[in-house]
Number of protein chains: 2
Amino acid sequence: MSTWLWHSPLRDSDLAALAPQVSRWGFDVIELPVETPGDWDPTAARRLLDDLGLGATVCLVLGPGRELVATDASTKQQTQDYLRHVIDVAHTVGATAIGGPAYTSVGRTWRMDAAERRAALAEWADAIAPVADHAAQAGVRIAVEPLNRYETSLFNTVSQAMEAIADLPDSVGVLLDTYHLNIEEADPLAAIRAAGSRVAHVQVCANDRGAPGHGHLDWPAILDALRDIGYAGPLCIESFTPENQTIAVAASIWRPLAESQDRLATDGLAYLRNLLT
Amino acid sequence: MSTWLWHSPLRDSDLAALAPQVSRWGFDVIELPVETPGDWDPTAARRLLDDLGLGATVCLVLGPGRELVATDASTKQQTQDYLRHVIDVAHTVGATAIGGPAYTSVGRTWRMDAAERRAALAEWADAIAPVADHAAQAGVRIAVEPLNRYETSLFNTVSQAMEAIADLPDSVGVLLDTYHLNIEEADPLAAIRAAGSRVAHVQVCANDRGAPGHGHLDWPAILDALRDIGYAGPLCIESFTPENQTIAVAASIWRPLAESQDRLATDGLAYLRNLLT
């Protein structure tokens, strides 16, 4: 369960209040975004989660000024440093994956012809390679997330991401997010199956960012496809609070997507648990 | 079939070349966007379409500077004048509906609390009312289009639009676009049924803006829902060319969505015709 359903940025005090609740509801894993290094303390978080028996996954957050493609050397290096830091945070909290658009800032889009796209992918592969080595050493995978067309123009589909990571080490995988799959994939189930063992993380929510089970997605078929590829990691519910200016605008959340944020979490959990048992 | 699949803005010479082709392929109706009044000549278009036995629908286009809500009186009046012009164009070419986001410019989003939203809807109702009267006199309906959350924050769902038009005359209806329904509606089929006789126009494409039949939408169920409400108007395929800077950026088209633009049109037509016979 992503803490973004309630908070942005995440603070130690938020996590101290939220993690026990998330654990009581019956979640196995909590997802912790690293917006600005230092927002929350990874060592304290690890102690808290261990006491609760709660696992962790970590989100990388590329806002303005964090870029690995079509930018200057200094921005690229700072972004690599940031990603290495997020990997270290993941290692500290016991997460085995960091997920997110590990390529360009969310909302940055531009047109590319075929040659420009090839050049951008080569530039990205060069920039992510040292970060991938750092991830391998830390026992953490980078789950590269294709985003819908309004949030990026680089990786909109799973096949675009799969092509880009083909020659990179296995410490680079893909993140499947049902919200983006619904918009961009002609066949979301085929996309899941094609990603196979490169799936490093999965985020779930309804087509409108509500609770899994609430929208029109075919959840039994999605879970079957994930079973077919042997995916054994968490299904992390990711949605956002409409009550916080920064996250509501970043995620374009203009209306409540459930009776309450808590209900979105607990309804989603109940629905998925029911399907999985 | 929307001319945006190939051109933006539409010119008389484009239409002269395209309309016979669209007619030969077997389309009944061609959709003509009015980006800037004067881009194409409505009287000449009517002659051309009549010769081909081709019907017309018309798109209103609210780009920057065209606003009916949260703007100054002069902008509001110019936008009303523009919409009256589009209604006159529709009347000239023999179209009975003008479709599009007849409220704010595409891409303009902002957060509103419940009171601010009520105020915005009241402001919009006041601003559209004289345009609705003009439409009624011209025998044309304004089909208000809910857009996905990245393109607007005012009307994302059909129920938001239905609530807003409830007290307006029947010359104001809603436009159902399968692309936006897929993103925003928890139950797209229920949304279609709830719109009932207020449906004034329907635009169709795959969930990724490709040809109907190519993506993961349930087309037989969509057509059943439209049949249930007695919708008798056209199903207009709307997609956009990735080859034109303005329209590709406006619609966030970063990759080809079919083998060719012509194939998108003809595959979509063949698929729908097959389902409808």
Side-chain angles (χ1 to χ4, degrees), chain A residues 106-107 109-114 116-117 120 146-157 159-160 179-191 206-211 213-218 221-222 240 242-258, chain B residues 106-107 109-114 116-117 120 146-157 159-160 179-191 206-211 213-218 221-222 240 242-258:
Chain A
V106 176
T109 57
W110 73 97
R111 289 180 79 207
M112 283 167 273
D113 64 24
E116 288 163 341
R117 177 169 284 277
L147 300 177
N148 72 69
R149 63 194 64 189
Y150 306 100
E151 298 187 341
T152 189
S153 52
L154 199 61
F155 298 132
N156 293 132
T157 65
S159 73
Q160 286 173 335
Y179 176 79
H180 300 298
L181 294 179
N182 175 60
I183 299 175
E184 298 295 345
E185 299 293 340
D187 187 341
L189 305 174
N207 62 290
D208 65 357
R209 280 271 181 228
H214 142 93
H216 66 68
L217 302 181
D218 185 350
I222 291 169
F240 306 95
E243 299 302 328
N244 172 304
Q245 166 79 17
T246 309
I247 198 77
V249 171
S252 298
I253 306 294
W254 314 122
R255 65 186 189 274
L257 297 165
Chain B
V106 176
T109 58
W110 73 97
R111 289 180 79 208
M112 282 166 276
D113 63 24
E116 288 163 342
R117 175 169 287 278
L147 300 177
N148 73 68
R149 64 194 63 190
Y150 306 100
E151 298 187 341
T152 188
S153 52
L154 199 60
F155 298 133
N156 293 132
T157 65
S159 72
Q160 287 174 335
Y179 176 79
H180 300 298
L181 294 179
N182 175 60
I183 298 175
E184 299 295 345
E185 300 293 341
D187 187 339
L189 304 174
N207 63 290
D208 66 357
R209 280 272 181 226
H214 142 92
H216 66 69
L217 302 182
D218 185 349
I222 291 169
F240 305 95
E243 299 302 329
N244 172 303
Q245 166 79 16
T246 309
I247 198 77
V249 170
S252 299
I253 306 293
W254 314 122
R255 64 186 190 275
L257 297 166

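Every chain is numbered from 1, with letters handed out A, B, ... down the list of sequences. The structure presented is a predicted model; accordingly, all values stated were derived computationally and were not measured.
Judged as a salt bridge (Lys or Arg N to Asp or Glu O under 4.0 Å), not a single pair has a partner in residues 242-251 of chain B (not counting sequence neighbours).
Heavy-atom minimum distance, Ala186(A) versus Asp208(B): CB-OD2, 4.1 Å. Closest of all the heavy-atom pairs between Arg149(B) and Arg209(A) is NH1-CG, 3.6 Å. In terms of heavy-atom proximity, Thr109(B) sits nearest to Trp254(A) at CB-CZ2, 3.4 Å.
With a 4.5 angstrom heavy-atom cutoff, Gln245(B) touches chain A via backbone and side-chain atoms both. Neither the backbone nor the side chain of Asp113(B) comes within contact range of chain A; no heavy atom of the residue lies under 4.5 Å from a heavy atom of that chain.
Inter-residue side-chain proximity for Arg255(A) and Arg117(B) is flagged as unmet; no heavy-atom pair is nearer than 4.5 Å. For the pair Tyr179(B) and Ile183(A), the minimum side-chain heavy-atom distance is below 4.5 Å.
Contact count against chain B (heavy-atom pairs under 4.5 Å) is highest for Pro188(A) among Gly210(A), Pro188(A), Ala114(A), Ala206(A). For the set Ala248(B), Gly215(B), Ser252(B), the count of heavy-atom pairs under 4.5 angstrom toward chain A peaks at Ser252(B). Taking Ile253(A), Asn156(A), Leu189(A) one by one and counting their heavy-atom pairs under 4.5 Å with chain B, the maximum is reached by Asn156(A).
Under the side chain to side chain donor-acceptor pair (under 3.5 Å) test applied with His216(B), the options Asp218(A), Asn182(A), Asp187(A) reduce to a single match, Asn182(A).
Contacts of Phe240(B) classified as ring-ring contact (aromatic ring centres under 6.0 Å, His included), with partners at least two apart in sequence or in another chain: Trp4(B).
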